[in-house]
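These notes are about the structure you will find just below.
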Amino acid sequence: MLNDTTSSDVLTVDRNATLTLGTDALIVLDEGLRDRRRAATNCCGLLPGRGGSKTTRAIPFYHVLWAEVVDFNVTIRYARLTGKKSCRVGTVSYGVADKAHAEPWVERLLRKAYPAGTQRRRRFKVLINPFGGQGYALKLWEEEVEAVFAAAGCVVDVERTAYRGHAVEIAEKIDVDAYDVVACASGDGLPHEVFNGLAKRADAGRALRRLAVVQIPCGSGNAMSLNLNGTDSPSLAALAIVKGERTPLDLVAITQGREKYYSFLSQAIGIVAESDLGTESLRWMGSLRFTWGILVRLLSKTLYPVELSVVLDSDDKRGMKEAYRQAVSEHQAAKSKQLPSSTHADSDSDHHEDPTDETPPSPEPTLQYGTIASPLHPAFQTHDLPTLGNFYVGNMCWMSPDACFFATARPADGKMDMINISGTIPRATGLRMLATAGDGTLIDFPEVSYRKVLAYRVTPRMHATPSKSRGLISVDGERVPFEPFQAEVVRGLGTVLSRRVALYEFDGVEV
Ligand SMILES: Nc1ncnc2c1ncn2[C@@H]1O[C@H](COP(=O)(O)OP(=O)(O)OP(=O)(O)O)[C@@H](O)[C@H]1O
């Protein structure tokens with residue numbers, strides 16, 4: 001961690017301590033700390049273990065939230081991990097004699113803490129759904145998130161949503177130049193509304209590129225945060241958001257009846273839709289309710305017949321996995337080649353990035369394959385699927401903490417990942433699929449049809465459902481009418497924040 005340090009990397013501070021900019025962390029060496037800790041320990045009558053006190057601390061640059069020199073004091077605020085699933089704000093503060101040396105050192109630290117692609121002191125519009133998840137969104141915001149944003153010097157403007165659809169209205173009217181990010185302290189429902197509010201504007205194209213939409217996970221479904229922040233912990237998500245890079249995200253344009261709206265996460269008919277929407281009474285179970293819902297329906301072998309037309313990109317599973325691995329290699333190569341952050345001009349101040357300064361306001365894009373009301377475009381291939389059990393289309397990998405359905409999904413590959421599974425597969429096979437849902441291997445089951453598609457039209461055959469009841473269709477976890485709809489992916493139309501940009505957070509899963 002201390003490789004190749006030069007004297008300009010080292011800041012000597014009071015109490016004979018030094019702060020050194022290492023390769024990937026700030027090293028705090030403080031001999032006095034040991035003595036102070038000993039004194040404190042002895043005060044309590046407990047003798048310290050011999051030589052056990054640490055005098056060196058490494059704070060990864062990723063965890064450094066802010067640093068400044070004020071009145072001959074250097075203060076560094078950072079995210080201190082308090083277990084695997086949370087962090088709190090920690091502070092390091094020392095006196096400095098040589099302010100002229102300390103100020104450029106702090107600037108060097110900030111450049112490492114906020115490398116190219118990130119932005120200091122973002123301006124946030126924070127939307128809180130007070131009824132999200134089990135009703136703790138406001139508490140989670142106040143107790144776990146607000147302090148992280150404040151420590152990073154971010155500017156926040158908080159508003160609670162008061163009714164269903166409120167976030168659509170807020171996004172439709174928001175001053176897109178006054179904020180950098182809309183952060184939803186909610187489940188996946190609020191980000192869905194925000195994308196749709198932005199898409200309704202006369203300047204939709206610019207608004208969707210200008211404002212990043214992020215999720216602070218406070219709902220019962222927190223897929224957006226799992227995929228982009230790599231966590232469903234509110235405090236760790238806050239850190240990921242503060243440090244996230246602007247990332248284009250494919251949005252899926254859906255036309256149904258006279259409606260047109262956008263999906264950022266998923267569309268489902270059959271077992272998944274029923275497990276999500278049909279288990280509202282089990283909210284107390286948290287994300288487990290989805291698994292429970294799937295299990296119950298799997299065992300009953302329910303069929304959900306549809307007619308399906310697709311504009312196919314690929315049905316070659318091996319090729320899809322190879323393309324995904326290629327994207328991983330490219331990402332790793334790009335990271336290792338990245339210029340030292342201190343040489344990047346765009347990360348050296350708190351200026352507010354505007355990727356759309358040169359972009360004239362534009363309406364939302366026109367669709368290549370028409371709408372549900374148009375005659376079927378010749379690029380579609382149509383199949384009747386009388387025994388379908390699961391129709392699931394995803395734009396992200398993880399749908400819940402233990403379910404990675406779409407192993408090869410990438411944020412802006414311009415394709416939707418589509419899964420079809422027959423409802424007639426043996427129960428034992430269904431259970432094996434469920435048991436391995438967390439390791440991304442669903443694609444490998446021969447019983448699973450896994451395709452990359454550019455567009456599709458699906459017509460559910462409601463008269464054929466065994467229960468004679470109308471079925472359920474879920475878009476981003478929200479219920480929509482049980483009627484035919486058409487979907488088309490619009491590459492990179494939305495903007496989010498993420499650590500990897502070209503890939504979702506996908507540790508521990510081999511594709
Ligand atoms: N004050 C409010 N009262 C009622 N509904 C609201 C309010 N604010 C937001 N909503 C709606 O709650 C819905 C679900 O929100 P969200 O996704 O944040 O929570 P969730 O717990 O994950 O919910 P779900 O599991 O139903 O998706 C959204 O459709 C949103 O419009």
Side-chain angles (χ1 to χ4, degrees), residues 116-119 122-127 145 149 154 167-168 170-171 174 176 179-199 204-219 221-234 236-253 261-266 327 331 352-356 359 364 394-399 406 409-417 475-477 489-506:
T118 62
Q119 183 194 352
R122 284 191 164 117
R123 299 163 303 164
F124 285 86
K125 176 77 184 180
V126 177
L127 302 180
V145 178
F149 284 2
C154 296
V168 178
I170 294 170
I174 197 168
V176 294
Y179 305 99
D180 302 301
V181 184
V182 181
C184 305
S186 67
D188 295 313
L190 247 51
H192 171 90
E193 289 193 4
V194 172
F195 282 125
N196 279 287
L198 296 176
R206 178 169 188 267
L208 283 161
R209 284 189 60 201
R210 173 78 194 81
L211 284 179
V213 181
V214 303
Q215 181 186 46
I216 300 162
C218 297
N222 299 310
M224 186 183 199
S225 182
L226 289 167
N227 285 283
L228 295 166
N229 304 327
T231 178
D232 58 1
S233 146
L236 294 179
L239 174 62
I241 289 165
V242 164
K243 293 304 180 83
E245 293 186 33
R246 292 178 64 84
T247 301
L249 178 73
D250 293 343
L251 294 181
V252 174
Y261 54 90
Y262 287 90
S263 161
F264 75 95
L265 177 63
S266 65
H331 165 75
H352 291 286
E353 58 196 342
D354 188 349
T356 55
T359 318
E364 53 180 325
N395 194 32
M396 296 187 172
C397 297
W398 296 93
M399 293 295 130
F406 304 104
R410 285 182 283 138
D413 63 355
K415 294 156 196 172
M416 294 176 269
D417 287 34
V475 172
D476 295 352
V489 64
V490 184
R491 189 169 196 161
L493 179 63
T495 304
V496 291
L497 299 176
S498 77
R499 277 180 81 172
R500 295 189 182 174
V501 184
L503 297 167
Y504 291 116
E505 293 285 334
F506 205 25

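Between Ser266 and Gly477, the shortest heavy-atom distance links the atoms OG-N, 4.5 Å. Across Leu503 and Ala327, no two heavy atoms sit closer than the pair CD2-CB, 4.1 Å. Across every non-hydrogen atom of Ala204 and Ala199, the tightest pair is CB-O, 3.5 Å. Of all non-hydrogen atoms in Arg410 and Tyr504, the two that sit nearest each other are C-CE1, 3.6 Å. Contact between Val194 and Ala171 at its shortest, heavy atoms only, is O-CB, 3.5 Å. Closest of all the heavy-atom pairs between Pro217 and Pro234 is O-CG, 3.5 Å.
Going from atom CG of Leu198 over to atom CZ of Arg209 covers 14.0 Å, rounded to the nearest 0.5 Å. Atom SG in Cys397 sits 8.0 Å away from atom CG in Asp417 (nearest 0.5 Å). Interatomic distance, Glu193 CD to Cys184 SG, rounded to the nearest 0.5 Å: 9.0 Å. In this structure, CZ on Arg499 lies 12.0 Å from OG1 on Thr247, to the nearest 0.5 angstrom. Note that the CD1 atom of Ile174 and the CG atom of Leu211 stand 5.5 Å from one another [nearest 0.5 Å]. Atoms CG and CD, from Leu497 and Glu245 in turn, are 9.5 Å apart once rounded to the nearest 0.5 Å.
Contact annotation: the side chain of Met399 approaches that of Leu265 to within less than 4.5 Å [non-hydrogen atoms, C-beta and beyond]. Looking at heavy atoms from C-beta onward, Phe124 lies in side-chain contact with Ile241 at the 4.5 angstrom threshold. Using a 4.5 Å cut-off on side-chain heavy atoms (C-beta onward), Asp413 and Val489 make no contact. Residues Val475 and His192 form a side-chain contact, since some pair of their non-hydrogen atoms from C-beta on lies under 4.5 Å apart.
Without hydrogens or angle criteria, Asp250 side chain to Met416 main chain gives no donor-acceptor distance under 3.5 Å. Checked by atom type and distance alone, the side chain of Thr495 pairs as donor or acceptor with a backbone atom of Leu208 at under 3.5 Å. Between the side chain of Asp188 and the backbone N or O of Ala223 there is at least one donor-acceptor pair closer than 3.5 Å. Of the possible polar contacts, one joining the Gln215 side chain to the Ser186 backbone as a donor-acceptor pair under 3.5 Å is found.
One side chain, Asp476 or Ser263, offers a donor N or O that lies under 3.5 Å from an acceptor on the other. Side-chain contact check for Asn229 and Glu505: no donor-acceptor pair (N or O, by modelled atom type) lies under 3.5 Å.
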- Query: Checking side-chain contact (heavy atoms from CB on, under 4.5 Å) for the pair Leu228/Val214: CA distance, chi angles, key distance, verdict?
  - Reply: CA-CA 8 Å; Leu228 295 166; Val214 303; over 6 Å; no

- Task: Show your reasoning for whether side-chain contact (heavy atoms from CB on, under 4.5 Å) applies to Ile216 and Phe149.
- Result: CA-CA 12 Å; Ile216 300 162; Phe149 284 2; 4.2 Å; yes

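Between Asp180 and the options Arg122, Arg210, Lys125, a salt bridge (Lys or Arg N to Asp or Glu O under 4.0 Å) holds for only Arg210.
Aromatic ring centres of Tyr262 and Phe195: separated by at least 6.0 Å.
By the ring-ring contact (aromatic ring centres under 6.0 Å, His included) test, Tyr261 pairs with no residue at all, sequence neighbours left out.
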